[in-house]
Amino acid sequence: MPQTDTSAPVIKDQSDFYWESLSGGRLVFQYCLSCGEKRFPFRMSCSRCGSFEHSIEQSAGTGVVVSHTRVEKPLIGTFTKPYHVVLVELDEGVRMLGVLKGTAPAPLIGSRVVASFNSESPSPLCFIPDGQSDAS
Amino acid sequence: MVSGVSIVGIGATDFSKNSGRSELQLAVEAITDCLRDAGASPEDVDGLSTFTMNETSELDIRREIGMPDLRFFTRVPFGGGGGCGTIAMAAMAIKSGIAKSVVAYRSLNTASKIRFGSGDLVPPPESGDQRLFVNVGLMTPASRVGMTAQYYLHKFGLPDTAYAPFALTAREYAATNPAAFYYKRPLSLEEYLDAPWISHPLRRFDCCQESDGAVAILITSDERAKDFCGVPIKVAACAQSCGFDQIGLAQYWSEDMLELPEIPGLVRQLQEQSGIEVNTVDAAMLYDHFTPLVALQLEQFGFCEPGEATGFAADGQLRLGGALPLNTHGGHLGEAYLHGMSHICEAVRQLRGEAINQILEVETLLVASAAATPNSALILTRH
């Protein structure tokens, strides 16, 4: 029987690190140390070169809206009214999903947004249109 | 290569929003109807093929149907993507000699029991990609597809009414199909536009129904097909394909998020097996979970150029007499949602020449299961 290293952290899921970082207000992605591919969602290996070697990089949280959808009927209690979900291409070159905050009725594809970690939102990651405050 | 296998029977229950029967009872009714259609007895069947999501047990099916020698039973994963895969599993078992004749079936009460659109099937967001979607409120298939559908409109400069022709065409077909939920109820553009938004740009009638019912299909070898009544329909090709870096109904992280990454693999296999160029078939039964994904399938199976599918539909090319009659039973949008299995039945009816909305000249048909998931497809032809 191989010895189990009980001091090693238990990885329940490869994306745990992403969610833990988000709760600390940091937006992170993976960087392949073999080929330089920036990677999100979190994966064990690089889909371009297959390497498992990677580092974790932090995003500045700025980017542009790639697409969006307004969900009209909330299905779970934490989402209580229609809400806008945005797919954002961060300036570092990886895409992430978040809930849109702010006063704009609909984001324009290509418009700039900034990440927000307001804990009052049902989503751990939100984006606000560039130039708007995080007050809403 | 699986040539030498035919579909010799199709069966179904009524389709409704509240069957009042168990999924087991629905399955037994559909299988019984299928055997009657084929002129087969339970002794003729020694295999079962269904979806991993199917909630009836093979033990119960065997007991209720009375198959004395059930020797092959298998299930295909990935929900609706597995539909044509159930036929592929049957074909492999028959070609290998493991089974003689296999019933592929699907039974579901998605209207009265678990509604896929309700988010009830969403697992707790503890792991995997599901967590990405649930944490931002993309709980349902419709909301995930909304993101893709919005991007398509933007990329090709189309209005948010662009998907309407798919819904209207499906309802035209359904209106003349007595088995359809929307029998005698065609959809006007005004009704389409007045219906509530589900997840922009998807309106209510861009989304498939949720239905109760069951479908069964009997597959056997060409040699044995002669033992059954009716016209056997040739399975000219059957294929499964899982795309690289595929994420179900949300290819957001592909370089092109409109990509259906499983389609090239399906096309390649279907052509290799059948010798038929997929985009030259006479008609198609494409999985219509959501109208934007019908557009993407038409383009990526090669029936239209990118960005042209909504215009193709608006021009009437999907109607009888058009370039590609599509889902002539009304599909999921008009007839009922049977996880794509009713599409296979309609293809068989068309090739037999007994469809309600019969295509005048049809020799070859493409059937494809749930696009944007690990998927499966068939080419069916006359012998």
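Throughout, protein chains are lettered first and strands after them, A, B, ... in sequence-line order, and every chain is numbered starting at 1.
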B/Ile198 versus chain A, the contacting section by heavy-atom distance below 4.5 Å:
backbone
If you tally heavy-atom pairs under 4.5 Å against chain B, which of A/Leu87, A/Val99, A/Val86 wins?
A/Leu87
Okay, B/Leu202 and chain A: the region with an atom under 4.5 Å from a heavy atom over there is neither
Just give me the residue among A/Ser123, A/Pro41, A/Cys126 that pairs up with chain B most often, heavy atom to heavy atom, under 4.5 Å.
A/Pro41
Looking at B/Ala368 and B/Ala377, what are the two nearest heavy atoms and their distance?
CA-CB, 4.0 Å
Which bit of A/Phe42 is near chain B, if near means a heavy-atom gap under 4.5 Å: side chain, backbone, both or neither?
neither
Considering only heavy atoms and a distance below 4.5 Å, find which of A/Val94, A/Leu125, A/Ile109 pairs most often with chain B.
A/Ile109
Sort A/Val66 into side chain, backbone, both or neither according to what part of it lies under 4.5 angstrom from a heavy atom of chain B.
both
Pick from B/Ala149, B/Gly146, B/Ala142: which one has the most heavy-atom pairs with chain A under 4.5 Å?
B/Gly146
B/Phe133 six-ring face occupied by B/Arg144 cation (under 6.0 Å, within 45°)
yes
Does A/Arg43 pair with B/Asp129 as a salt bridge, N-O distance under 4.0 Å?
yes
Apply the side-chain contact (heavy atoms from CB on, under 4.5 Å) test between A/Leu33 and each candidate in A/Cys46, A/Ser55, A/Ser51; give the one that qualifies.
A/Ser55
Salt bridge check: are A/Asp16 and B/Arg131 linked by an N-O gap of less than 4.0 Å?
yes
Which residue pairs pass the salt bridge (Lys or Arg N to Asp or Glu O under 4.0 Å) test when at least one of the two sits in residues 289-314 of chain B, sequence neighbours left out?
none
